[in-house]
A.B. asks: 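The following block contains the structure, expressed as structure tokens.
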Amino acid sequence: MFTRNLLIFTRKTHRWVKPAGHDTGIKVFNCITRTKVPFIVKNKNLVTWYTCGPTVYDSSHIGHASCFVKLDIIQRILRHYFNLNVVTVMNITDIDDKIIARANTSKVSTSELAKKFETEFWKDLDALEVNRPDCVLRVTENMEIIKDFIRKLVDNGKAYKSEDSSVYFDVGAYDNYAKLQNIGEDAPEPSKFKKSKMDFALWKGAKPNEVSWDSPWGKGRPGWHIECSALASHILGPEIDVHAGGIDLRFPHHENEEAQSCARHCKPQWVNYWLHTGHLHLKDSQKMSKSLHNTISISSMLEDVTAPVFRMACLMSHYRSRMEYSNEFLITASKVLKNYTNFIDNCESYLNGYLKAEVNNDTVSKLINESANQIQRALIDDFNTSEVIRTLNELISAVNSILHSSRTDLCNTKSVAIIGASNLVSNTLNIFGINVNKKQSRVCGNYVDVMNILNDFRQEIRQLGISNKDKNVLELCDQVRDNLKNLGITIKDHGKLSSWS
Ligand SMILES: [Zn+2]
């Protein structure tokens, strides 16, 4: 049992160190200063970004989806709007208490279980059209790096081995705790194996028959917080531009990551910018019937909602804001998206002469300039995508009213500014990861018609084959079905009739 003198945690002394480097012109919310501060990266051609990855013990849910889609949107803005070369790293927690518990109840090994849910996680991210990180690091594949990080903390006197064969970070030996979040000013009490209740495990001594790794402190496995510090430091070094995750990770996970990394690197600041996405809440109780552990899995959400509609919903709420998941909100997002494709269609109809209107080029040109400036102001203001969506909606409404109020059959001139407006809308959405390219949507529309014709034709031929008992014809029909299957199109024969999906 440890006893310890009074430790008072207060935020008073904590200061954010403004980094040196390239000022991007963006202002970003900083949880240490609680204000928006200039976003300065060490090197615009090598911006380092670490995201806390999943603990792969279960299916990911829509809360994870909103976090990863929102972070993907910010990464795309940095890359494609601000032209920064962002390198992204993510960890996969493939050993943890929850994984061990679930593997035991499922009677599979921890590695089998982790592999299964990691595969599912990547499938979910792909379905959400989230770019995969440039580099992925799994805990079980990097044990030596993690143990080495812990060893250095023990050598520095910032961590200690306890009677339970675990190693704890000594919060009392570190001056800057409670930097990211105020955790109250009470004196922490000691607990059975720890000097202070606030101390957290870097290495967890193994319980009997538990999967474990050898270490200088006995058999065990890493604590959750240390893996991110060790893996991120290993690949990105002792100073990181951005470290991101959901708001629930700010304390204790990110606080502990910052504490142990500063202690390890002997620096006052490890991460220059912490980005936290707001929570997603369920509003529609009916949705709960499809629940998976009281929430909705990503794959079941994507049965009802397309990835671009969900992304639009994420764009419509600020990344730091709480987002409410409801049918109404998704219907609104879907309408906004539809409004954009209709607008781009309208502009193309105008260009092709189907929609004739007298358009003043200067008026529309002025609208485009104002909108582009407004978009820039919104994006440099802490990635305010909801403001960008509002700006695009206003532009569309203004240009639509010009197109419809000035319709005439006698018009022989065309305003190139209409195409400029259409481009501004599609380019901006492309930056955010939503493709509203008109040609593509038209190909998709035709594709459905072509498939209907092909399916009907095959059905007729097959019926002839059945009536005439012509084996060759039936074999040809099967061949078409199998060839289409390779393209992801399924044809099903129901007696004499056929359908496709
Ligand atoms: Zn982490």
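Predicted model, so just to flag it, every value in this text is computed and none were measured. Start at 1 and go down the list; that is how both ligands and their atoms are numbered. Numbers here simply count residues along the sequence, with the first being 1.
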A.B. asks: What's the spacing between Thr110 OG1 and Ile95 CD1 if we round to 0.5 Å?
C.D. replies: 4.0 Å

A.B. asks: Who are the salt bridge (charged side-chain N to carboxylate O under 4.0 Å, His left out) partners of Asp164, not counting sequence neighbours?
C.D. replies: none

A.B. asks: Around the Zn ion (ligand 1), what protein N, O or S atoms are found below 2.8 Å?
C.D. replies: Cys52 SG, Cys228 SG, His253 NE2, Glu257 OE2

A.B. asks: Using the ring pair (Phe, Tyr, Trp, His ring centres under 6.0 Å) criterion, which residues pair with Trp49? Sequence neighbours excluded.
C.D. replies: none

A.B. asks: Between Arg221 and Glu210, what is the shortest heavy-atom contact and its length?
C.D. replies: NE-OE1, 3.7 Å

A.B. asks: Any chance the side chains of Asn131 and Gln75 put a donor and an acceptor closer than 3.5 Å?
C.D. replies: no

A.B. asks: Using ring pair (Phe, Tyr, Trp, His ring centres under 6.0 Å) as the criterion, list what pairs up with His22, not counting sequence neighbours.
C.D. replies: none

